[in-house]
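Okay, so here's the structure we're looking at.
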There are 2 protein chains.
Amino acid sequence: MTDERPAPVPAPGLRERKKRRTRDALLRAALLLFVAQGYEQTTVDEITDAVDVSQRTFFRYFANKEEVAFAVQDLVESHFVAALRARPVSEGPLEALRRAVLDAWDTLDEALSEVVPVDLYMRTYQLIESTPALLAVHLRRSAELEERIALLIADREGLDVDADPRPRVAVAAVSGVMRVTGRLWGQGGDASVASIRRMTEACLDQIGPALAARWH
Amino acid sequence: MTDERPAPVPAPGLRERKKRRTRDALLRAALLLFVAQGYEQTTVDEITDAVDVSQRTFFRYFANKEEVAFAVQDLVESHFVAALRARPVSEGPLEALRRAVLDAWDTLDEALSEVVPVDLYMRTYQLIESTPALLAVHLRRSAELEERIALLIADREGLDVDADPRPRVAVAAVSGVMRVTGRLWGQGGDASVASIRRMTEACLDQIGPALAARWH
DNA sequence: TGTGAAGTGTCAGTCGCTGTCACTAGCCTG
DNA sequence: CAGGCTAGTGACAGCGACTGACACTTCACA
């Protein structure tokens, strides 16, 4: 299924392989230290000592200490975007968003296992939700992701995002709900993928009822 | 209208007045420097030099450099919460939220003018929206505000937030839409209150249509 | 095999932020 | 109103995140 196109990735070369190895080592060491003793309690020096490189090298791979915490999140987000792209245009925007989210959770394991165990990602995600400095960055990143998704949705529907506010509004509403989900999940005891998938479904089911004029 | 209750605020005392004066001076100097030359380009030393106090003193008034940028935002948020509390229970949750937001914009001028000119606040707000580090913090603060509002809404409707997800979901959806508004306003040229009020109304009008199953 | 460039370590320095301690100036009591 | 108490401040030392400059090693490619 892969390895069929010889052109773009023929032989990485020793230099490239070395680079990837140090980056991966830094990433893994950082995440382990973060989940073990907390983000703020972990210094960059500790991370680089664990991998035995200089501090300067860390900052050549990651723009700042936060970035390393979101490296895996990057993968998860592109995984979701891919799932959304895969939805047929025949589905309405909300339907497509909902199915894409659930699909993404279902297939997360395979998509991630090459780089980092899903388990470690889940613990990192909880760390992000519970560390104020990381949560702030996470929310800003989510806002950027929202914009990408809004463009995608507008494209599906053949609309211009700047002329019609509905794509952005719909995505904002759904994302808001998803954030509630993430927070509730982070506070709950069950850190499994199954658990967050279940909560996602439940919260999305409530979006219609919640926006009704009367609740009684 | 004031000065009728002698008990809680009889005479601030010289010490108290001095404190308030340095705090106000720091706040004003900081905001002016921020909007003039940018947040990251302004060092804490520059701020304290402008007021002629030591750097240490700055950090006795503000926990960190960000906090001073959000001091006015704090006022605006409590102003909005007050507006929401003032809405009669007879209004449904969405109706109340909508009217509270618009009310808050309409009366912002009076509520703020004592402390800082509205104009300076508006420029600060645009600075926050356009400075990544500040935007991140702003979004986290907004999330905290959302939680407060969700509790308020649940209270109005006589519901338990943890049993019924609708308060959080509704507030999340509306807040998401409001964030889109804020961003669009920040990018647009018109930095007036009237402008953001108008955009708020327009975006909130779209929340129903945007969540319809089909857009065509 | 030698030359250029990519990747790294070292060092010095800036900035945000904190703990400590001595000192000054309002306040409060006798 | 004198003298002690304490809140508020400044000066200083120090940590951790981050950056720029430069020299050195090591791979790549002719």
- Base, sugar-phosphate, or nothing: which does Thr43(B) touch, judged by heavy atoms less than 4.0 Å apart? sugar-phosphate
- Item | Residues Gln37(A), Thr42(A); criterion side-chain hydrogen bond (donor to acceptor under 3.5 Å, both in side chains); working and verdict | CA-CA 7 Å; Gln37(A) 61 187 34; Thr42(A) 305; 3.1 Å; yes
- Task: For the side chain of Lys65(A), starting at C-beta, report the closest nucleotide among dA17(D), dG19(C), dG9(C).
- Result: dA17(D)
- note: Asp45(A), atom CG; dT10(C), atom P; distance rounded to Å ~ 12 Å
- Take Leu134(A) and Phe34(A) through the test side-chain contact (heavy atoms from CB on, under 4.5 Å) and record every step on the way to the result. CA-CA 11 Å; Leu134(A) 293 181; Phe34(A) 287 167; 5.8 Å; no
- Message: Between Glu147(A) and Arg168(A), does any side-chain N to carboxylate O distance fall below 4.0 Å?
- Response: yes
- How long is the line joining CD of Gln41(B) and C1' of dT14(C), in whole Å? 14 Å
- Query: What is the distance from CG of Leu33(A) to P of dG16(D), rounded to the nearest Å?
  - Reply: 14 Å
- Using a cut-off of 4.0 Å on non-hydrogen atoms, how would the nucleic acid contact of Thr48(A) be classed: base, sugar-phosphate, or nothing? nothing
- Could you tell me the separation between the CD atom of Gln55(B) and the C1' atom of dA13(D), rounded to a whole number of Å? 13 Å
- Task: Using atom CG of Asp49(A) as one end and atom P of dT10(C) as the other, report the distance to the nearest whole Å.
- Result: 11 Å
- Please report, rounded to the nearest Å, how far the C1' atom of dG8(D) is from the CZ atom of Arg23(B). 16 Å
- Message: Which nucleotide wins on minimum distance to the side chain of Thr22(B), given the candidates dG9(C), dT9(D), dG7(C)?
- Response: dT9(D)
- Residue-phosphate contact under 4.0 Å: Lys18(B) side-chain N/O, dG8(D) OP1/OP2: no
- Think Ser54(A) has a side-chain N or O under 4.0 angstrom from the OP1 or OP2 of dT8(C)? no
- Query: Reckon Tyr61(B) has a side-chain N or O less than 4.0 Å from the OP1 or OP2 of dG8(D)?
  - Reply: no
- Query: Donor-acceptor pair, Arg156(A) side chain versus Arg87(A) backbone, under 3.5 Å?
  - Reply: yes
- Message: Does the plane of the ring in Trp185(A) sit parallel, tilted or perpendicular to the ring in Tyr125(A)? Use 30° and 60° as the thresholds.
- Response: tilted
- Of Lys19(A) and Glu16(B), whose closest DNA chain C nucleotide lies nearer the 5' terminus? Lys19(A)
- Note on the structure: Closest to the 5' end of DNA chain D, once Arg56(A) and Glu40(A) are matched to their nearest nucleotides, is Glu40(A)
- For Phe62(B), answer base if it contacts any base atom (sugar-phosphate contacts may also be present), sugar-phosphate if it contacts only those atoms, and nothing otherwise; contact means non-hydrogen atoms under 4.0 Å. nothing
- Message: Rounded to whole Å, how long is the line connecting atom CZ of Arg60(B) with atom P of dT6(D)?
- Response: 18 Å
- Note on the structure: Tyr39(B) atom OH is separated from dC15(C) atom C1', nearest whole Å, by 12 Å
- Message: Closest approach to the side chain of Phe59(B), judged atom by atom: which nucleotide of dC18(D), dG10(D), dC17(C) is it?
- Response: dC17(C)
- Query: Base, sugar-phosphate, or nothing for Phe58(A), non-hydrogen atoms under 4.0 angstrom?
  - Reply: nothing
- Message: Check this for me: does any side-chain nitrogen of one of Glu201(B) and Arg197(B) sit under 4.0 Å from a carboxylate oxygen of the other?
- Response: yes
- Task: Give one of base, sugar-phosphate or nothing for Asn64(B), where a contact means two heavy atoms less than 4.0 Å apart.
- Result: sugar-phosphate
- Look at the side chain of Arg15(A) and decide which nucleotide, out of dA25(C), dT9(D), dG7(C), has an atom nearest to it. dG7(C)
